[in-house]
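Because the structure is a prediction, the values reported are computed rather than measured. Note on naming: letters A, B, ... go to the chains in the order of the sequence lines (proteins, then strands), and numbering restarts at 1 for each one.
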Protein chains: 2
Amino acid sequence: MTEVEKGPQGRRRGRGARERILSASQQLFREQGINRTGMNELCAAAQVSKRTAYQHFTGKDELVAEYLRRFDPSVLSGVFDRTDLTPRERLLAAFDIPPTTPLCPYIAAAVELHDPQHPASQYARDYKKAVAARLADTAREAGAADPEQLGEQLALLIDGAAARTRVLNADAFPTAAAIAAVLIDNAIPAAAGDDRRREEESG
Amino acid sequence: MTEVEKGPQGRRRGRGARERILSASQQLFREQGINRTGMNELCAAAQVSKRTAYQHFTGKDELVAEYLRRFDPSVLSGVFDRTDLTPRERLLAAFDIPPTTPLCPYIAAAVELHDPQHPASQYARDYKKAVAARLADTAREAGAADPEQLGEQLALLIDGAAARTRVLNADAFPTAAAIAAVLIDNAIPAAAGDDRRREEESG
DNA sequence: TGTTAAGTACACCGCTCTGTGTGCTTACCG
DNA sequence: CGGTAAGCACACAGAGCGGTGTACTTAACA
């Protein structure tokens with residue numbers, strides 16, 4: 001019923017409405033936070049009338065949940081589907097996201113909304129679990145002794161880097177990457193076949 | 001009335017005003033979040049008139065900053081000043097805070113307020129740095145090769161556990177403690193003298 | 001006794017927020 | 001042409017927020 005572009009009868013309005021709203025969400029919710037971004041401001045930024053916005057989304061809650069769902073492809077498949085890297089390198093590549101992600105929107109949403117039952121909070125939970133699972137799969141592929149554990153550990157490092165980056169206003173991902181390197185070295189039976197380089201953070 | 005005491009000049013009013021406000025803050029800001037807790041509700045919980053609250057604090061911002069400052073002693077000295085533990089054990093003890101801290105209020109404040117210039121955000125930053133410094137000191141005491149690095153790493157683990165606990169609604173500190181054990185083993189030149197027990201999480 | 005500090009009770013202001021109601025415009029299409 | 005779906009502009013309701021103003025009460029002291 002919604003999805004414009006090609007309406008049921010072939011309509012094609014400004015086409016963007018929904019897209020522009022979600023696009024504006026990505027920017028504003030991120031820069032200003034969810035609670036500090038009002039629907040008026042958001043609609044203005046999206047160049048969409050408020051009335052239209054509420055025809056596409058039943059309310060802000062639904063919009064926020066949809067907004068969170070828009071991060072999946074870039075992060076998940078962007079890192080894990082790189083066949084040019086060895087499994088080990090893929091695990092480490094998860095920590096190389098400096099310009100893309102100033103801070104984790106899932107953590108931010110969970111904290112801001114503050115209701116574990118909120119659709120967005122539930123999705124954040126699902127997403128975090130999915131990332132840990134992906135890391136575990138890759139860890140298994142890399143030959144880790146206990147891939148589940150390593151996946152969970154690396155996921156914790158990512159979240160720690162995100163949280164710390166936010167609070168301290170300084171990039172904490174290099175530190176996380178250094179820890180990850182240690183954990184990976186410890187978890188993989190040494191003869192992993194791949195490369196043997198070590199990443200030591202000094203300074 | 002209630003709890004009596006002695007004021008500056010010998011007055012002894014209800015005594016609690018300020019204390020009760022801060023005490024109510026600890027509970028409500030934590031349970032409901034800062035933004036979702038209004039001054040009306042807070043004053044009602046503290047059994048203090050709103051007028052009185054605004055005579056003790058210039059505004060909510062100041063109250064929030066003060067609220068954060070109330071966490072110091074319990075966490076910082078509670079863990080690091082334990083002379084009955086070896087330095088190594090103290091480093092690991094920082095991850096044993098299950099019932100005391102359901103989630104880190106500093107991260108929550110930084111995310112909720114969303115303004116790095118906010119007094120509370122600045123304090124959160126200072127506090128996190130202080131914790132890392134304390135950890136580094138203890139790491140040095142334990143004979144770590146690069147205490148600064150280890151301190152920063154352990155601090156990141158704590159923040160990661162806090163963030164992940166929040167998002168997933170499940171205690172992530174055991175995982176963080178397991179990582180910490182590995183890092184500490186790797187950083188201390190082996191003959192640390194103390195115990196040699198290993199903490200492996202298999203769950 | 002009166003003064004004064006501390007607190008109470010409660011209405012109130014101005015603002016912002018989410019969400020609607022209403023009427024108008026634009027475009028497609030038969 | 002007229003129908004219809006999408007969208008716009010704009011005001012407005014209802015609620016909650018942070019914060020204030022005002023008048024009253026209580027307790028300590030002199």
Query raised in the report: A/Asp84 and A/Glu89: which non-hydrogen atoms are nearest, and at how many Å?
Result: O-OE1, 4.5 Å
Requested in this report: Nearest whole angstrom, please: distance from the C1' of C/dT18 to the CZ of A/Phe29.
Outcome: 12 Å
Requested in this report: Between A/Ser49 and B/Tyr54, name the one whose nearest nucleotide on DNA chain D is closer to the 5' end.
Outcome: A/Ser49
Query raised in the report: Taking atom P of D/dG7 as reference, at what distance in whole Å does atom CD of A/Glu19 sit?
Result: 12 Å
Report task. For B/Gln55 and for B/Lys50, find the nucleotide of DNA chain C with the closest heavy atom, then tell me which residue's nucleotide is more 5'. Result -> B/Gln55
When you compare the protein's N or O atoms with those of nucleotides 14-17 of chain C, which come within less than 3.5 Å of each other, and at what distance?
none

Report task. Note the angle between the end axes of the helix from C/dT1-D/dA30 to C/dG30-D/dC1, five pairs defining each, rounded to 10 degrees. Result -> 10°
Report summary line: ring pair (Phe, Tyr, Trp, His ring centres under 6.0 Å) filter on A/Tyr54, not counting sequence neighbours, yields none
Requested in this report: Mind jotting down which residue pairs meet the ring pair (Phe, Tyr, Trp, His ring centres under 6.0 Å) criterion with at least one end in residues 28-47 of chain A? Sequence neighbours excluded, please.
Outcome: A/Phe29-A/Tyr67
Report task. Tell me, please, which residues at least two apart from A/Ala133 pass side chain to side chain contact (heavy atoms under 4.5 Å, CB included). Result -> none
Query raised in the report: OP1, OP2 of C/dG7 versus side-chain N and O of B/His56: anything below 4.0 Å?
Result: yes
Query raised in the report: What residues form a side chain to side chain donor-acceptor pair (under 3.5 Å) with A/Asn169, not counting sequence neighbours?
Result: none
Report summary line: note: A/Asp61, atom CG; C/dG19, atom P; distance rounded to Å ~ 7 Å
**Report entry** Listed partners of B/Ser23 passing side chain to side chain contact (heavy atoms under 4.5 Å, CB included), at least two apart
**Finding:** none
Please tabulate the protein-to-nucleotide N/O contacts below 3.5 Å involving nucleotides 22-24 of chain D, giving atom names and distances.
none

Query raised in the report: Can you list every salt bridge (charged side-chain N to carboxylate O under 4.0 Å, His left out) pair that touches residues 118-133 of chain A, not counting sequence neighbours?
Result: A/Lys128-A/Asp159
Query - Pairs where residues 131-156 of chain A contributes a residue and the test ring pair (Phe, Tyr, Trp, His ring centres under 6.0 Å) is met, not counting sequence neighbours - result: none
Query raised in the report: Roughly, in whole Å, what's the span from CD1 in B/Ile34 to C1' in D/dC17?
Result: 15 Å
Report summary line: When every non-hydrogen atom of A/Leu22 is compared with those of A/Glu66, the smallest separation belongs to CD2-CB, 3.9 Å
**Report entry** A/Thr52 vs D/dA6: side-chain N/O to OP1/OP2 distance below 4.0 Å
**Finding:** no
Query - Results of side chain to side chain contact (heavy atoms under 4.5 Å, CB included) for B/Ala176 - residues two or more places apart only - result: A/Leu156, B/Phe95, B/Leu157, B/Ala161
Requested in this report: Just jot down the side chain to side chain contact (heavy atoms under 4.5 Å, CB included) partners of A/Ala45, sequence neighbours excluded, or say none.
Outcome: A/Ala24, A/Leu28
